[in-house]
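A short write-up of the structure that comes next.
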Protein chains: 2
Amino acid sequence: MKKTNPTSSGAFARSPCPVACVLDIIGDKWTLLVVRDLFAGKRTYGEFQASFEKIPTNILAERLKRLIEYEIIVKSPYQQRPVRYEYVLTTKGKELGPILKAMAQWGEKHIPGSKAISKW
Amino acid sequence: MKKTNPTSSGAFARSPCPVACVLDIIGDKWTLLVVRDLFAGKRTYGEFQASFEKIPTNILAERLKRLIEYEIIVKSPYQQRPVRYEYVLTTKGKELGPILKAMAQWGEKHIPGSKAISKW
DNA sequence: GATGTTACTTGCAATTAGCAAGTATGTCGA
DNA sequence: TCGACATACTTGCTAATTGCAAGTAACATC
């Protein structure tokens with residue numbers, strides 16, 4: 001994995017602009033959909049995979065890794081025998097809510113027919 | 001250019017979820033930076049190119065085309081001899097402000113050292 | 001008519017995405 | 001204890017997208 005983490009490295013990937021930095025973390029087609037699912041109450045790998053948009057499994061694995069790296073989520077076992085893990089939003093992760101909400105509002109207003117699946 | 005426009009085609013590219021639809025339009029590393037520049041008062045191709053992040057020129061051209069397609073911006077001549085064009089946010093485009101604002105706020109809070117270049 | 005400016009387009013190598021299949025770990029029932 | 005099943009990934013390979021560099025077009029100015 002490349003070292004372009006603007007939070008852990010001293011240098012910024014592209015610029016010190018907060019918008020650019022945020023886009024370096026969540027600026028792709030899948031990451032925020034996983035976060036959306038987390039807001040909607042999904043917790044396990046299988047649940048994310050089962051979402052309507054059918055995220056490719058290798059991309060899901062990579063994005064979860066990234067989200068952990070950026071401390072947006074944490075992974076922890078929720079049962080033994082067999083060990084099963086759940087992914088949970090951190091406080092930092094929960095604070096992505098306003099971004100998601102703003103997107104959902106814009107989408108519902110400007111993309112005819114689009115309708116929120118879940119609430120947050 | 002591929003036909004994945006969820007607003008003009010009857011079918012949604014991936015899902016009817018407004019977040020997914022919005023990500024299909026602005027879910028990449030560059031589009032929102034151009035929108036940010038527009039909010040910051042930049043108007044011409046050259047001004048976008050001169051931004052700190054140094055967007056590749058072919059990507060800039062393609063993104064401007066997309067933004068026009070989705071009616072987020074309009075292109076119009078602002079002078080003759082020689083004809084020069086400016087790009088301006090539509091009402092729909094201006095309503096992306098809250099998304100940008102939410103991103104900037106999250107970035108300023110969680111990415112140490114990141115600092116907004118401009119106001120809106 | 002040579003040079004400069006703005007606004008792109010084109011070509012190509014490199015990175016990333018996406019599909020399908022495979023692997024690892026552990027459960028459960030016969 | 002062996003086979004079938006489930007969850008959670010990893011790997012291999014092709015296709016699409018990105019990004020760099022260079023080229024082009026239209027016009028203006030010297």
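Naming convention: chains lettered A, B, ... in sequence-line order (proteins, then strands); numbering from 1 in each chain. Remember, it's a predicted structure, so these values are computed and weren't measured experimentally.
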- Message: Tell me whether S51(B) contacts the main-chain N or O of K54(B) through its side chain, where contact means a donor paired with an acceptor under 3.5 Å.
- Response: no
- Query: Is the closest basic N to carboxylate O distance between R14(B) and D24(B) below 4.0 Å?
  - Reply: yes
Is it the case that [X] places NZ or CZ above or below the six-membered ring of [Y], under 6.0 angstrom from the centre and within 45 degrees of the axis?
X      : Y      : result
K42(B) : F48(B) : no
R43(A) : Y78(A) : yes
R36(B) : W30(B) : no

- Note on the structure: In B/S/- notation (B base, S sugar-phosphate only, - none; protein heavy atoms under 4.0 Å), nucleotides 21-30 of chain D written 5' to 3' is -B----SS--
- Message: Classify K75(B) by what it touches in the nucleic acid, base, sugar-phosphate, or nothing, heavy-atom distance under 4.0 Å.
- Response: sugar-phosphate
- Query: Distance only, no hydrogens: is a donor on one side chain within 3.5 Å (strictly under) of an acceptor on the other, for Y45(A) and T57(A)?
  - Reply: yes
So, does [X] get its side chain near the phosphate of [N], meaning an N or O under 4.0 Å from OP1 or OP2?
X      : N       : answer
Y87(A) : dA8(D)  : no
K29(B) : dT16(C) : no
W30(A) : dT16(C) : no
R63(B) : dT18(D) : yes

d([atom1], [X]; [atom2], [N]) in whole Å:
X      : N       : atom1 : atom2 : answer
K42(B) : dA7(C)  : NZ    : P     : 14 Å
Y85(A) : dG26(C) : OH    : C1'   : 12 Å
I59(B) : dA16(D) : CD1   : P     : 18 Å
E62(B) : dC20(D) : CD    : P     : 16 Å
L60(A) : dG18(C) : CG    : P     : 12 Å
I55(A) : dC9(D)  : CD1   : C1'   : 13 Å
Q79(A) : dT25(C) : CD    : P     : 18 Å
F48(B) : dT6(C)  : CZ    : P     : 15 Å

- Joint hydrophobic cluster, I68(A) plus F39(A), side-chain heavy atoms closer than 4.5 Å: yes
- DNA chain C: 5'-proximal contact among K54(A) and A61(B) (nearest heavy atom): A61(B)
